[in-house]
There are 2 protein chains.
Amino acid sequence: MTEHILRGDRSASCDELFKALSDGTRRALLEYLVREGEQSVHALTAISGVSQPMVSRHLGKLKRASLVTARRAGRETFYTARAKGLAPVVQWMAVYGALWSQRFTALEDLEGY
Amino acid sequence: MTEHILRGDRSASCDELFKALSDGTRRALLEYLVREGEQSVHALTAISGVSQPMVSRHLGKLKRASLVTARRAGRETFYTARAKGLAPVVQWMAVYGALWSQRFTALEDLEGY
DNA sequence: CTCGTTCATAATCAATGGGTTATGAATTGG
DNA sequence: CCAATTCATAACCCATTGATTATGAACGAG
């Protein structure tokens, strides 16, 4: 546990991550990817309830937050949830009291980064 | 109402929580409260770098997200971090982080609550 | 080559949100 | 009582954002 540093660079990634996770539609897309695995934009649009451009933009934000990766195959783009992307947020939670009574054992392997 | 993506009931509180945590200033206030304990608005303003009304508004959001509690004493209002307020987010992390790491699809058990 | 599919980007709009200063209500101290 | 302190709210300002429709590029099937 390190001493708190005013506005470290960890803060920036936390900012981006929390912002990415703070939208319900975006979280729903991410949850779907986690549950169902790699999906095309088309498939995600079908279940998202918003327009295809919006899905693309949401996925773009998730990607910039390192929460998903994109793989292009022909005219389709497949997105995949990226486990390690949550690490900074998990770290934050661990430091600031989330670890007080919950089980994070499944995420311990992410703490390397 | 078209149900495209099935969202749990915790979605609403997660939304509020993630949004509350998605601002750096707000997180800094929360972190300070966690580290230093109960603080007055005046004290928090002194270390926040923003104006007092902004601090009040940030604290209001943290309070509505159940991340802090307020105690009034005379003309001062003391705010305290409330660790349990993070519970829905921790829950979300546990569910999707665990699913993420290893694909065991026993989601139904956890979605019971 | 041509047409439909898939996806991303641009233009646009309304709403939200972080920030400020100004104001006002309580409360405390002299 | 009067003045200063503490806090919350209101009135703005401007940047961001979620959402839409329109457009265009790239690719696959015929």
Side-chain angles (χ1 to χ4, degrees), chain A residues 6-7 11-33 36 38-65 67-80, chain B residues 1-5 7 11-33 36 38-65 67-80:
Chain A
L6 195 66
R7 292 282 197 230
S11 179
S13 58
C14 272
D15 236 72
E16 213 169 7
L17 273 172
F18 276 124
K19 273 183 187 124
L21 293 171
S22 71
D23 179 73
T25 303
R26 220 143 45 213
R27 236 168 27 246
L29 288 171
L30 192 59
E31 292 165 6
Y32 190 77
L33 286 175
E36 306 294 329
E38 189 181 61
Q39 298 288 326
S40 71
V41 175
H42 183 245
L44 292 170
T45 300
I47 55 99
S48 71
V50 295
S51 62
Q52 174 265 312
M54 206 58 227
V55 172
S56 280
R57 264 187 41 182
H58 279 314
L59 290 170
K61 289 206 172 184
L62 290 173
K63 188 178 167 194
R64 271 188 4 220
L67 286 169
V68 300
T69 57
R71 175 180 70 88
R72 207 156 181 184
R75 55 185 164 182
E76 292 177 282
T77 306
F78 291 94
Y79 284 86
T80 310
Chain B
M1 311 320 175
T2 57
E3 39 260 68
H4 295 96
I5 294 182
R7 287 187 209 169
S11 185
S13 57
C14 272
D15 234 73
E16 215 169 7
L17 274 171
F18 276 123
K19 273 183 188 124
L21 294 171
S22 71
D23 180 73
T25 303
R26 221 142 46 211
R27 248 180 4 257
L29 288 171
L30 191 59
E31 292 165 6
Y32 190 78
L33 287 175
E36 306 292 330
E38 189 180 61
Q39 297 288 326
S40 71
V41 174
H42 183 245
L44 292 170
T45 300
I47 57 101
S48 70
V50 295
S51 63
Q52 174 266 310
M54 206 57 228
V55 172
S56 283
R57 263 185 42 183
H58 279 314
L59 290 170
K61 290 205 173 186
L62 290 173
K63 189 178 165 193
R64 268 186 8 218
L67 286 169
V68 301
T69 57
R71 176 180 69 88
R72 205 150 176 195
R75 57 184 165 184
E76 292 177 281
T77 306
F78 291 94
Y79 284 85
T80 309

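Numbered from 1 within each chain, the chains take letters A, B, ... in sequence-line order. Owing to the predicted nature of the structure, the values given are computational and were not obtained by experimental measurement.
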Residue mapping more 5' on DNA chain C - nearest nucleotide basis, B:Asp23 or B:Gly74: B:Asp23
Closest listed nucleotide, where the reference is the side chain of B:Lys61 and the choices are C:dT21, D:dG18, C:dG18: C:dG18
5' priority, DNA chain D, between A:Arg75 and B:Ser40 [closest heavy atom]: B:Ser40
Between D:dA8 (C1') and B:Arg64 (CZ): distance, integer Å: 14 Å
Sugar-phosphate, base or nothing in reach of B:Phe78, heavy atoms under 4.0 Å: nothing
Integer-rounded Å distance: C:dG17 P and B:Leu59 CG: 17 Å
Pairwise side-chain contact, A:Lys63 with A:Thr69, heavy-atom cut-off 4.5 Å (strictly under): no
Whole-Å distance separating the CE atom of A:Met54 from the C1' atom of D:dG18: 5 Å
Touch class at under 4.0 angstrom, heavy-atom based, for A:Thr77 against every strand present: sugar-phosphate
B:Arg26 side chain to B:Lys61 backbone, donor-acceptor under 3.5 Å: no
Nearest-Å distance for atom pair CG/C1', residues B:Leu44 and D:dA8: 15 Å
Contact under 4.0 Å: B:Tyr79 side-chain N or O vs D:dT6 OP1/OP2: no
Given DNA chain C, 5'-ward residue of the pair B:Ser51 and A:Ala70, judged by closest heavy atom: A:Ala70
Distance in angstrom units between A:Phe18 CZ and C:dG18 P, rounded: 15 Å
Sugar-phosphate only, base, or nothing, as touched by B:Arg72 at under 4.0 Å among non-hydrogen atoms: nothing
Sugar-phosphate only, base, or nothing, as touched by A:Lys19 at under 4.0 Å among non-hydrogen atoms: nothing
Separation between CG of A:Leu17 and CG of B:Leu21, rounded to the nearest 0.5 Å: 12.0 Å
Exercise: identify the closest heavy-atom pair between A:Ser56 and A:Val41: OG-CG1, 4.0 Å
Phosphate OP1/OP2 of D:dA19: any A:His58 side-chain N/O under 4.0 Å: yes
Residue-phosphate contact under 4.0 Å: B:Thr25 side-chain N/O, C:dG19 OP1/OP2: yes
Sugar-phosphate only, base, or nothing, as touched by A:Gln52 at under 4.0 Å among non-hydrogen atoms: base
Separation of C:dT27 P from B:Glu76 CD (nearest whole Å): 13 Å
Rounded distance in Å - NE2 (A:His42) to P (C:dA8): 13 Å
Contact summary for B:Leu29 and B:Ser48, nearest pair of heavy atoms: CD2-CB, 4.1 Å
Salt-bridge contact A:Arg27-B:Asp15 (side-chain N to carboxylate O under 4.0 Å): yes
hbond_proxy A:Arg57 side chain to D:dG18 base (donor-acceptor, 3.5 Å cutoff): yes
Whole angstrom value for the distance that separates P of D:dC7 from NZ of B:Lys63: 14 Å
C:dG17 OP1/OP2 closer than 4.0 Å to side-chain N/O of B:Ser22: no
